[in-house]
Amino acid sequence: MTQIVTVQTQPFDGQAPGTSGLRKKVKVFQQANYAENFIQSVFDSVTRDPGATLVIGGDGRFHNRTVIQQVIRMAAANGYGRVLVGRGGILSTPAASHVIRKYTASGGLVLSASHNPGGPDEDFGIKYNIANGGPAPEGVTTAIHARTLEIDRWLTVEADDIDLDRIGDVEVAGMTVSVIDPVADYADLMEELFDFAAIRKAVADGFTMRFDAMSAVTGPYAVEILENRLGFAKGTVVNGTPLEDFGGHHPDPNLIHAKELHDLMMGEDAPDLGAASDGDGDRNLIIGRGRFITPSDSLAMLAANIEIAPAYKGRLAGIARSMPTSAAADRVAEALGVPCFETPTGWKFFGNLLDAGKVTICGEESAGTGSDHVREKDGLWAVLLWLNILAARQIPVDQLAREHWARFGRNYYARHDYEGIAKDGADALMAEIKDSLGVLKGHAFGPLTVKLADSFSYSDPVDGSVSENQGIRVLFEDGSRIVFRLSGTGTQGATLRVYLERYEPADGRLDEETGAMLADQIVAAEAIAGIVEHTGRTAPDVIT
Ligand code: VG1
Ligand code: CO
């Protein structure tokens, strides 16, 4: 009989339900009982049958292996029958989602802090995904959080660490641990979805790309799929080895942290496509030769062309986007005669829509795009869909974008982030805008007149659950928009996000510089929110 060890502990505040599980500094996770308390709170809260299967994977960051060994022992003590873990402790977030689904696991723990930096003084995180492969919905995260406030013991077994680098089955206190190839199942799925033959032919005909894995989890996936299966030249994938500290960089695929890629794509020697993914592989950056594609535009362009890919032929049921994401996708949905859903920020809100077959593709302005093939956003999937479309249409990215705007119009878009600001100031800023919502309507800010201002509330069309306070929207008469929101994923102070958008119709000004086009909205945002006064900052830290 397995000896279960009960360790006494104290309750702690395992973070209010945010957008992506528990995210803290590594030093916090290293405190006695901390990670264990959270993991036990998950095991105490989630439903599963006795002997259920649990998937464990991570993005390879510092502290990953330590927590994986803790989870394995605790899973054995908590009655799981089997654990599936990626070799080396590696599983990208979308690959973990696929493995949960494919092996009908009851859920999975994904160890990552996404695009946040890694290392002994940087960030770590744990998120729980449910049996459909998607992030735990609010009901589940609320229950987990409530449990962290009450927990008084956690359960483990006495067992040695397992060898995470050897594929195969081992037994830990009566539970089977299967170390699996982290790449194979995922790569096979991609091959089922897309026309690999067409992409291989384009590559043979001279199509080139660079994929920057940012020393994070997608390296092994990208090498296998792009270089081994699709025939791109060796070296197409750069920074392809996952490092515990991501080489000291932020594995965040935006124009700041992937600047080298951006510079290459704007220069003389640019390949046909430049792409990158984040720490845990769920985000994507797409840049054509001389043309950056905003994530909101990428969603719209992919949706407009998705039926080119074999697995999506004739089955675009609907599109979903997070509220702050631009309305570019809405225009596509309208033209194609399919519904478009507007959800709060965070992938968990797409889960029900995907499960119910109401939407086929979804996306967020924060560089997340995905479909019903898994229940997470999927960086490499987005890159492969772009490749499939470009191979079929045989036009450069820039031309595809121009043709898209000439048909649907263009949504100029930018996000301004004020990072690590004082929480009090951030809360006061949001509270003051909320208080003024009533008087904003009809008010003019320069040439912009407010048509509607509200605090976004979402009612899930599938289960009827309501999520309030999901950001403040200010819509103007001319169709432009400002959204104010506080981040739910930061690990220091607060982060204010200001999302700016302006629509130009198909016969409007389609070839302008984004910053200039949004100048009036930027001025209005300051007038509405008093950003300088509340944050002490005169300019955003990051513009994406
Ligand atoms: C951010 C993004 C959001 C995304 C979330 C998780 O959240 O804005 O769109 O879903 O990160 O992405 P927030 O609350 O900081 O704005 V990831 O790549 O960390 O799983
Ligand atoms: Co991520």
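Both ligands and their constituent atoms are indexed starting at 1 by order of listing.
In this structure, a donor-acceptor pair under 3.5 Å is present between the side chains of S467 and E138. No side-chain donor from either of Y503 and R410 sits under 3.5 Å from a side-chain acceptor of the other. Side-chain contact check for T93 and K377: no donor-acceptor pair (N or O, by modelled atom type) lies under 3.5 Å. Using modelled atom types, one finds a donor on one side chain and an acceptor on the other under 3.5 Å when comparing W386 with S298. For the 3.5 Å distance criterion, the side chains of H534 and E432 qualify, holding a donor opposite an acceptor. Side-chain polar atoms of K358 and N352 form no donor-acceptor pair below 3.5 angstrom.
Of all atoms in ligand 1, numbered sequentially from 1 with element shown, those under 4.0 Å from a heavy atom of T489 are 7 (O), 11 (O), 13 (P), 14 (O), 15 (O). Listed by atom number, the atoms of ligand 1 under 4.0 Å from T345 heavy atoms are 3 (C), 8 (O), 9 (O). Below 4.0 Å from some heavy atom of D278 lie the following atoms of ligand 1, by number and element: 18 (O). Residue R497 approaches ligand 1 through these ligand atoms, each under 4.0 Å from one of its heavy atoms: 8 (O), 13 (P), 15 (O), 16 (O). Near E364, the atoms of ligand 1 lying under 4.0 angstrom from a non-hydrogen atom of the residue are 3 (C), 4 (C), 9 (O), 10 (O). The S114 neighbourhood of ligand 1 comprises atoms 17 (V), 18 (O), 19 (O), 20 (O), with distances under 4.0 Å to a heavy atom of that residue. Taking every heavy atom of G488 and a limit of under 4.0 angstrom, the matching atoms of ligand 1 come to 13 (P), 14 (O), 15 (O). For ligand 1 and S366, the ligand atoms under 4.0 Å from any heavy atom of the residue are 2 (C), 3 (C), 4 (C), 8 (O), 9 (O).
For T495, no heavy-atom contact with ligand 1 is shorter than 4.0 Å. Contact annotation for S487 and ligand 1: heavy atoms of both the backbone and the side chain come within less than 4.0 Å of the ligand. Contacts between D282 and ligand 1, counted as non-hydrogen atom pairs separated by less than 4.0 Å, involve the side chain only. For E376, no heavy-atom contact with ligand 1 is shorter than 4.0 Å.
Between H257 and H250, the angle of the ring planes stays under 30°, which puts this pair in the parallel group of the 30/60° scheme.
H373 is listed as a side-chain neighbour of Y312, based on a closest heavy-atom distance under 4.5 Å. Under the 4.5 Å side-chain criterion, counting only non-hydrogen atoms from C-beta, F456 is not in contact with V483.
Among the atoms of S114, an N, O or S atom falls under 2.8 Å of the Co ion (ligand 2).
Within the 4.0 Å heavy-atom cutoff, K348 does not count among the residues contacting ligand 1. Residue-ligand proximity: R415 is placed with a non-hydrogen atom under 4.0 Å from ligand 1. Look at G346 and you'll find a heavy atom under 4.0 Å from some atom of ligand 1.
Checking H115, R283, E419, R485 against atom 1 (C) of ligand 1, the nearest heavy atom belongs to R283.
Annotation: Q30, atom CD; neighbour count of heavy atoms from other residues, nucleotides and ligands within 6.0 Å is above 12. In this structure, K25 places its NZ atom where more than 12 heavy-atom neighbours from other residues, nucleotides or ligands lie under 6.0 Å away. Dense packing is recorded around CD of Q31, with more than 12 heavy atoms of other residues, nucleotides or ligands lying under 6.0 Å away.
D280 contributes OD1 as its N, O or S atom closest to the Co ion (ligand 2). The N, O or S atom of D282 lying closest to the Co ion (ligand 2) is OD1. D278 contributes OD2 as its N, O or S atom closest to the Co ion (ligand 2).
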